[in-house]
Amino acid sequence: MQKKRPKTEEKLIYEPDLDSPRGKGKFYNLMMFPYLSAEGLHVGNMYAFVGADIYGRKKRMEGFDVFEPIGLDGFGIHSENYALKIGKHPKKLAALTQKHFYKQLESIGNGFAWDERLETYDPAYYRWTQWIFVQMFKKGLAYRKKAKVNWCPKCLTVLADEQVLAPARRPALRRRLRQGESLGEGGGECERCGTMVIKKELEQWFFKITDYAERLLNDLEKIDWSENVKIAQKNWIGRSEGALISFDLKFKNENLKISETIKFIEVFTTRPDTLFGATYIAISPELAKSWLDSGWQAPADVGAFIGECLKAREVPQTDEEPSFAEATAGKEKTGIFTGVYALNPANQEKIPVWVANYVLAGYGTGAIMAVPAHDRRDFEFAKKYGLPIKIVICPHYPEKTCPMLDAAYEGEGHLVGSGEFDGVPSEEAKRKIAEKIGATIKVNYHLRDWLISRQRYWGPPIPMIFCGPPVGGCGWQPVPEEDLPVLLPDVKDFHPTGTDQSPLATVESFVKTKCPKCGGEARRETDVSDTFLDSAWYFFRYPDVKNKKEPFGKLGAKTWLPVDMYIGGAEHAVLHLLYTRFITKVFHDWGLVDFDEPFKKFRAHGLLIKDGAKMSKSKGNVVNPDDYIKKYGADVFRMYLMFLGPFEQGGDFRDEGIAGIARFLERVKKLAKKEWGASADETILHRSVKKISDDIEGLHYNTAIAQLMMLLSALEKMECDRASVKVFLKLLAPFAPFIAEGLWHKLGEKESVHRAEWPTYDESKTRSATATIVVQINGKVRDRFEAETGTGDVELKAKALELPKIKKLIGGKAPANIIVIKDRLVNIVL
RNA sequence: GCGGGUGUAGCCAAAUUGGUAAAGGCGCACGGCUUAGAACCGUGUGGGGAAACCCUUGGAGGUUCGAGUCCUCCCAUCCGCACCA
């Protein structure tokens, strides 16, 4: 049925441009490097790469020195999980797949800088990943702490908060969550395998990304990124401003001995204006536990309740996915009165202190002041336990009477029942009340520190050494920089152990080492670092991949960085894209670079789906790009992908339409063989240059291709000269680099079309000589006529009124109004 | 619940930013070429109606001489976050 097409029509010239300045300045065109996880590149990768390459190719033709590197993100859990699945050692697998990946990457015709490749599992690379860790430790940004962390029962490792995703695959669960039910603490799926994660208390390494929360938030304003990604980051950082308020316990709390050890409770609230309405205090079970630990003698039932809550927050570890009930454990609000009272600092009222399961330990202070009238959760809780509900914010103030609430009122209003503050608008009262009671203003973030340890094999060993008390007792020491890299030892059994320890812990020769400080016997850290650390800095390395003295040279960084355009998937909005911004700011603060945002411009491409569903192996709807490239050639495949729909929106991969593109390119080849005539209508040419230039700039590749099709049809029909065909080929070059190059040479050109100058247009020549003027009566199209472009309003009006059809329809009536839009329309209002 | 996106022919989509709705492609129909088919080329292709015309951008209102585009309220769908005080 289809003709045999050569795989690559012509040999392409790749030029990384590193040594040949072209005058317009540098342009770092980056695309997210692929995970080395499956048999080969996914058609979705191809989609992203082609879209990014078209942009880069145009920039190159415009005269920029374009640096478009590629590499492989092959270290870490994604590659390792694939290795586990097929039962091959990840190191051997990487060597194998690497070749295949690069071959595939070559076949799609991107203008990559082939000499500057990098692989994250190359010791020459991960040496510097480890170096970053060491610097982090030295600068106090890497630390160890015991905490309740996310644990994936299937991957058998801890995960950062960002790597726990909202449950996507279970519609029933989603629906119930949407109706306001909650997941409880620690609910969510592992980013890699989709298993529900659980909470475990473990000591782990963290990076202090929270130190950068404010800057990560504020600097979003100065970067040109896809808006949805910026919003996702903003939400994730989750800044909220409020007050820290202390509730005194220093009075007689009978028989409980609480005030001897705990003198006050501190709460965080964004609504200090509602302080007079605080009718109880609720503390998290974790905080209550710490009270118990410090000697609080709680009633037996309270102690039991605390124990239960803490247990409920851990989801039992099974091979099965937890049931809905398990996943949402703790959603029903429960609590118990502690017997303790606290003093409301606003009105000196004695209010009860409860332990409640709905108070989170990890946010704020782990305790809240409960204002049932103005917080839905407190309202629900107060109703259940018969606690007082006191209205202090009134939405219709002067009337003074607020009706009984059947739900919490969370909006703004004027204060009532708040003593001297009655009548004050709530916004103003926030500050005033905080001031009066001497509360500290505090900013809280949802963002937590980045958990960097992984109990896995395939990653850079964390370059730390522990010198324990029996011998030197120097504590944690970084591996000296000259000893880097800490090579990942070859082990036979790389399976995760599930014992909170990496498989490296079993390699005694690796673990046993000397303390770099005292020289005594010491043990290595056996966890590896998170794969997102590998990818958080790779674009710094590209311009200087061979550097053996430093992670990247000043010259390379100065020449190419920061990245001018970054294209990748939106699924990394709060993962990779957040970590890279953090690392860049850290590098900036260390004086390594003079910018503090890595990507000037970021655009998220859409998702390529198949038959309305996400492509996945289990569904069996994965498209293999190689088959298409083999069958149709890279150019047809590239253009077809880009023609599916708007690049930033993605589309459904149905191959019915590919024939249209194949036909188009066959016609292009015929065009180059055409007999030449004189140059004719320039309008379509200039218009096309304008449209296609603008469309590529805005990543509207689908419409740029449509314009190429129209231009081709026009060129086929008219007498045209070689110059016009050459312009066409230049416009085509970013989309179909092979064919454009081949035809370009057939027309006698020696240099590559990809180094040719991008065509320019004359604005005045984009307009045609005549325009069709639409004549409307009362906004409805009744007739039309041709008029010279630029014809004056008066003349257009006269012409329209003279049209026989219009005359008849008006029937002698006097128009109430006539609106004339130049070169466009005349609207007669009767 | 909060935040963001999307909704246009049979399908993918376009619309100079408030000015002829449906460009371009797929598919389909008819015609040409051909012994025949494939490929290729040409023409047509939202719905109703014999026609004049009327209707049509998820739904209902509104602003305007004029609305796919702006405003209000719904509906559907996708994505991100979520007991964050």
Side-chain angles (χ1 to χ4, degrees), chain A residues 1-3 165-166 168 177-185 187-188 226-236 238-240 242 267-271 274 282 330-331 333 356-360 362-365 367-371 374-378 380-381 410 444-447 570-571 573-574 606-607 640 643-646 648-649 651-661 663-664 666-667 670 687 690-691 694 700 702-710 713 766 772-781 783-784 815-819 821-830:
Chain A
M1 193 186 127
Q2 66 285 329
K3 268 194 252 169
L165 309 179
L177 288 169
R178 226 178 281 139
Q179 283 158 10
E181 291 187 18
S182 86
L183 263 182
E185 246 184 323
S226 298
E227 204 52 36
N228 51 343
V229 170
K230 286 215 248 185
I231 289 165
Q233 292 212 355
K234 202 175 156 188
N235 290 342
W236 185 258
R239 180 185 200 275
S240 63
V267 305
F268 174 74
T269 179
T270 54
R271 295 295 301 269
T274 63
K331 73 179 165 60
K333 288 183 181 52
N357 68 339
Y358 74 97
V359 181
L360 300 176
Y363 188 77
T365 60
I368 59 162
M369 63 176 217
V371 185
H374 306 292
D375 181 285
R376 80 188 69 174
R377 294 150 301 180
D378 301 342
E380 187 189 327
F381 192 83
E410 296 183 319
N444 249 329
Y445 295 95
H446 165 255
L447 182 73
E571 71 273 16
V574 293
L607 196 64
Y640 171 62
F643 194 54
L644 276 174
E648 290 180 85
Q649 194 184 299
D652 203 343
F653 188 96
R654 300 146 294 111
D655 53 10
E656 297 100 59
I658 201 164
I661 297 289
R663 270 199 281 268
F664 165 76
E666 286 308 312
R667 278 164 60 201
K670 276 187 208 148
R687 213 179 263 175
K690 178 181 160 78
K691 173 98 178 116
D694 293 350
H700 305 135
N702 55 334
T703 50
I705 292 171
Q707 187 66 33
L708 277 171
M709 288 170 169
M710 286 196 287
S713 297
T766 61
T772 307
I773 308 297
V774 169
V775 185
Q776 299 181 328
I777 293 178
N778 290 335
K780 294 213 154 126
V781 181
D783 205 356
R784 60 201 66 190
N817 194 6
I818 300 178
I819 283 123
I821 307 291
K822 217 178 199 176
D823 297 339
R824 206 130 289 179
L825 67 76
V826 178
N827 187 13
I828 301 159
V829 186
L830 291 179

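In what follows, chains are A, B, ... by sequence order, proteins preceding strands, each numbered from 1.
For the salt bridge (Lys or Arg N to Asp or Glu O under 4.0 Å) test, residues two or more places apart in sequence or in another chain that qualify with A/D375 are A/R377. Considering only residues two or more places apart in sequence or on other chains, A/T365 meets the side-chain hydrogen bond (donor to acceptor under 3.5 Å, both in side chains) condition with none of them. Taking the side-chain hydrogen bond (donor to acceptor under 3.5 Å, both in side chains) definition, one finds that A/K230 meets it with nothing, sequence neighbours left out. Applying the side-chain hydrogen bond (donor to acceptor under 3.5 Å, both in side chains) criterion to A/R376, with sequence neighbours excluded, gives A/E410. Under the rule for a side-chain hydrogen bond (donor to acceptor under 3.5 Å, both in side chains), A/Q776 has no partner lying at least two apart in sequence or in another chain.
As rounded to whole Å, 18 Å separates atom P of B/G18 from atom CG of A/N827. Put simply, CD1 on A/I705 is 15 Å from P on B/G24, counting in whole angstrom units. Atom CG of A/N228 is separated from atom C1' of B/U6 by 12 Å (rounded to the nearest Å). As a whole-Å value, the separation of A/I821 CD1 from B/G18 P is 12 Å. Atom CZ in A/F268 sits roughly 7 Å away from atom P in B/A85 (whole-Å rounding). A straight line from CD of A/E227 to P of B/G3 spans 15 Å, rounded to a whole angstrom. Rounded to whole angstrom, the span from the CG atom of A/L165 across to the P atom of B/C81 amounts to 6 Å. Remark: C1' of B/A85 and CG of A/L360 are 9 Å apart, rounded to the nearest angstrom.
Distance noted for atom C1' between B/U8 and B/G59: 15 Å (whole Å). Here the separation of B/G46 from B/G10, taken at their P atoms, is 10 Å to the nearest Å. The P atoms of B/G31 and B/A36 are separated by 13 Å, rounded to the nearest whole Å. For B/U57 and B/G47, the P atoms lie 15 Å apart once the distance is rounded to whole Å. Here, B/U64 and B/C71 have their P atoms 16 Å apart, quoted to the whole Å. The gap from the C1' atom of B/A21 to that of B/A13 amounts to 13 Å, rounded to the nearest Å. A distance of about 13 Å separates the P atoms of B/U6 and B/U69, rounded to the whole Å. Nucleotides B/U56 and B/G7, compared at atom C1', are 16 Å apart to the nearest Å.
Here B/A15 sits opposite no nucleotide as a Watson-Crick or G-U wobble pair (both hydrogen-bonding atom distances under 3.5 Å). B/G10 and B/C26 make up a base pair, with Watson-Crick or G-U wobble contacts both under 3.5 Å. The partner of B/G37, taking Watson-Crick or G-U wobble pairs whose two distances both stay under 3.5 Å, does not exist in any strand shown. The partner of B/G1, taking Watson-Crick or G-U wobble pairs whose two distances both stay under 3.5 Å, is B/C81.
Within the nucleic acid shown, A/I368 comes within 4.0 Å of at least one base atom, counting heavy atoms only. Using a 4.0 Å heavy-atom distance criterion, A/V774 is classed as a base contact. Note on A/R239: nothing from the nucleic acid sits closer than 4.0 angstrom, heavy atoms only. Across all strands shown, A/K234 has no heavy atoms under 4.0 Å from either base or sugar-phosphate atoms.
For a distance-only test at 3.5 Å, the side chain of A/N235 fails to qualify as a donor-acceptor partner of the base of B/C81.
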Residue pair A/N702, A/H700: steps toward the side-chain contact (heavy atoms from CB on, under 4.5 Å) verdict | CA-CA 6 Å; A/N702 55 334; A/H700 305 135; 4.3 Å; yes
Check against side-chain contact (heavy atoms from CB on, under 4.5 Å), A/S240 and A/H446 | CA-CA 8 Å; A/S240 63; A/H446 165 255; over 6 Å; no
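Both tests pass for A/K333 against the ring of A/Y358: distance under 6.0 Å to the centre and angle within 45° of the axis.
Candidate nucleotides B/G4, B/G1, B/G24 were compared by shortest atom distance to the side chain of A/I231, and B/G4 ranks first. For A/H446, the side-chain atoms get nearest to B/A82 when compared with the rest of B/C65, B/A82, B/U20. The A/T269 side chain lies nearest to B/A85 when the options are B/A21, B/G4, B/A85.
Under 4.0 angstrom from either OP1 or OP2 of B/A85 there lies no side-chain N or O belonging to A/Y358. Contact annotation: A/R663 side-chain N/O to B/C26 OP1/OP2 distance is under 4.0 Å. At the phosphate of B/C55, OP1 or OP2 sits under 4.0 Å from a side-chain N or O atom of A/K780.
Base orientation of B/U63: anti, since the glycosidic angle falls outside 90° of 0.
A donor-acceptor distance shorter than 3.5 angstrom exists from the side chain of A/D378 to the backbone of A/V371, with no hydrogens or angles considered.
Counting only heavy atoms from C-beta outward, the side chains of A/V774 and A/V826 never approach each other to under 4.5 Å.
Between A/M710 and A/D378, the one whose closest nucleotide on RNA chain B sits nearer the 5' end is A/M710. Map A/S713 and A/G364 each onto its nearest nucleotide of RNA chain B; the residue landing nearer the 5' end is A/S713.
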How does protein contact run along nucleotides 9-17 of chain B, one letter per nucleotide 5' to 3', with B for base contact, S for sugar-phosphate only, - for none, heavy atoms under 4.0 Å?
-> ---SSS-B-
